[in-house]
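Before any comments, here is the structure.
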Amino acid sequence: MPSSKHYLTKSKFLSGLQCRKKLWLGVNHPELATPPSLKQQFIFDSGYEFEDIVMKRYPEGVLVEFEKLDRMVSITNDLVNDNAPVIFQGAFYHKGVYVISDIIRKNQDGTWELKEMKASTGVKDVHFPDLAIQKYILENNGLYVSDTYVIHIDTSGNLPDLNSMVGVEKTTANVAEFNVGEVVNNFQELIREETEPDVMIGEHCTKPYECEFKDYCWKDIDEYSMLNFPRMTWKKKLQFYSSGIRSINEIPPETKLTDNQQDYVNRLTNKTVDIDSEAIKKKLSELEYPLYFFDFETTQRAIPRWEGIHPYQQIPFQWSCHIMQENGEITHEEYLHDNESDPRFGLAEALVNTVGNTGSVIAYNAVFESNELKKLADAFPQFADRLLSIESRLWDQLDIFRKYYKDYRFGGSNSIKRVLPVIDPELDHKNLELSSGDEADVYWYMMLDETDPGKKAELRNTLLEYCKLDTWAMVVIHKHLDSL
Ligand code: SF4
């Protein structure tokens with residue numbers, strides 16, 4: 001067994017398939033990786049919840065606890081020799097490669113079924129090499145694999161029936177197509193190389209997984225780089241790049257671009273701001289007072305906590321609403337669900353009691369609020385009329401920035417996170433402890449699970465502050481648009 005760091009594991013093997021440099025860095029310079037974000041950690045943890053559900057389907061299973069790989073291999077070997085019918089997290093080693101298999105199950109004829117648990121909503125291409133490397137190592141240990149399976153999340157299921165959320169697909173044929181041995185030899189040579197492989201950044205930096213070395217590899221790529229050109233295919237970006245055009249300033253004037261791409265180039269190179277004040281005025285004239293500036297925070301969880309909710313179903317748990325009267329007076333209302341029950345009823349009830357029967361409801365990317373309001377109306381018929389009335393009065397502030405207001409400082413995006421700091425540099429989400437909407441639900445679950453009242457209150461305040469800034473940002477943007 002290898003004494004140095006130069007061994008492969010299943011995850012290193014998959015890293016190498018995504019990018020040779022990712023594999024090399026992972027083995028030789030793991031310190032350059034960006035640690036997982038709170039959100040990524042939350043997603044990993046949701047995966048463990050799913051695994052617990054699946055493992056309960058095999059009461060005869062024996063778990064090999066995580067510890068040093070060689071020790072896990074030895075324990076697994078003992079279990080196989082003792083005729084264990086099902087082994088969870090069995091570890092195997094062969095010529096410099098370790099794999100840990102989620103579930104192996106012995107058939108009556110002495111062959112084994114290999115099952116990989118994935119908290120995804122179906123089988124993905126990346127699962128085939130994942131199973132193929134396991135099959136290869138198991139068979140080199142004398143365990144013949146009859147069939148391979150992916151056990152994934154079935155989004156048609158719901159609580160309280162845990163089994164309804166588990167789907168199984170046989171992948172034997174796809175896995176058999178993969179030639180593992182040759183790739184393993186190639187990767188084993190690669191990880192021993194002295195110097196970092198020269199790999200161009202590209203689409204593979206985010207597909208099939210976000211690479212943990214992205215901050216390192218992309219550190220010199222600024223917003224003028226062709227590689228950061230928004231809404232351009234990777235094929236086209238790389239064509240420019242490899243022909244020597246590294247920055248948008250270097251694009252020859254005769255180059256054929258789409259109208260939107262050309263607009264973006266012109267704006268960034270000339271540092272221009274295009275504002276169609278007349279169109280904005282006309283659009284604003286559609287609004288009726290009182291104005292409700294409104295935003296939901298939502299969550300999607302692999303294994304839902306409440307009955308009737310499907311895996312990964314999006315549900316709201318918080319809203320914020322700034323209300324502006326015609327005389328300019330502004331008040332603020334909010335709702336944050338803070339106990340263990342399904343958040344939707346209390347949230348919907350508070351909402352219909354806050355938003356009146358008249359007045360425009362301003363959201364940023366209103367299609368999102370529209371969907372959530374319709375789903376709430378479906379779930380709670382007693383509030384349906386009033387929820388659908390709110391939905392029918394939605395007015396999208398994002399439309400202005402899609403059509404009538406372009407600023408080179410938005411960097412080709414029109415998200416509120418890019419627009420706000422340009423319109424009001426003091427008001428930036430980055431100044432908040434919770435600076436990304438992605439992590440709001442992570443904070444929410446932390447708050448629900450927190451037992452220390454002081455820490456719970458702090459988490460509650462953090463969430464309220466974040467969501468309030470989102471709707472205050474819309475007020476600030478509205479005032480700015482109104483003043484043009
Ligand atoms: S960021 Fe991209 S180029 Fe760099 S190691 Fe990751 S996948 Fe490879």
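Small disclaimer: the values here were computed from a predicted structure and weren't measured. Atoms considered below: every heavy atom in the structure, side chains included; atoms not considered: hydrogens, waters and symmetry mates. Every number for a ligand or one of its atoms is a count from 1 in the order of the listing.
For the salt bridge (charged side-chain N to carboxylate O under 4.0 Å, His left out) condition, the pairs that include at least one residue of residues 17-27, sequence neighbours left out, are Lys21-Glu196, Lys22-Glu212. Sorted by first and then second residue, the salt bridge (charged side-chain N to carboxylate O under 4.0 Å, His left out) pairs involving residues 236-245 (not counting sequence neighbours) form an empty list. Pairs passing the salt bridge (charged side-chain N to carboxylate O under 4.0 Å, His left out) check and including a residue from residues 166-181, sequence neighbours excluded, read Asp147-Lys170.
Ring pair Tyr58/Phe88 is perpendicular by interplanar angle, where above 60° counts as perpendicular and below 30° as parallel.
Remark: the backbone N or O of Gln261 is not paired with any side-chain donor or acceptor of Arg231 at under 3.5 angstrom.
Around atom 6 (Fe) of ligand 1, the protein atoms of type N, O or S that sit closer than 2.8 Å are Cys211 SG.
Between Glu250 and Arg246 there is no salt bridge, since none of the side-chain N atoms of the basic residue sits less than 4.0 Å from a carboxylate O of the acidic one.
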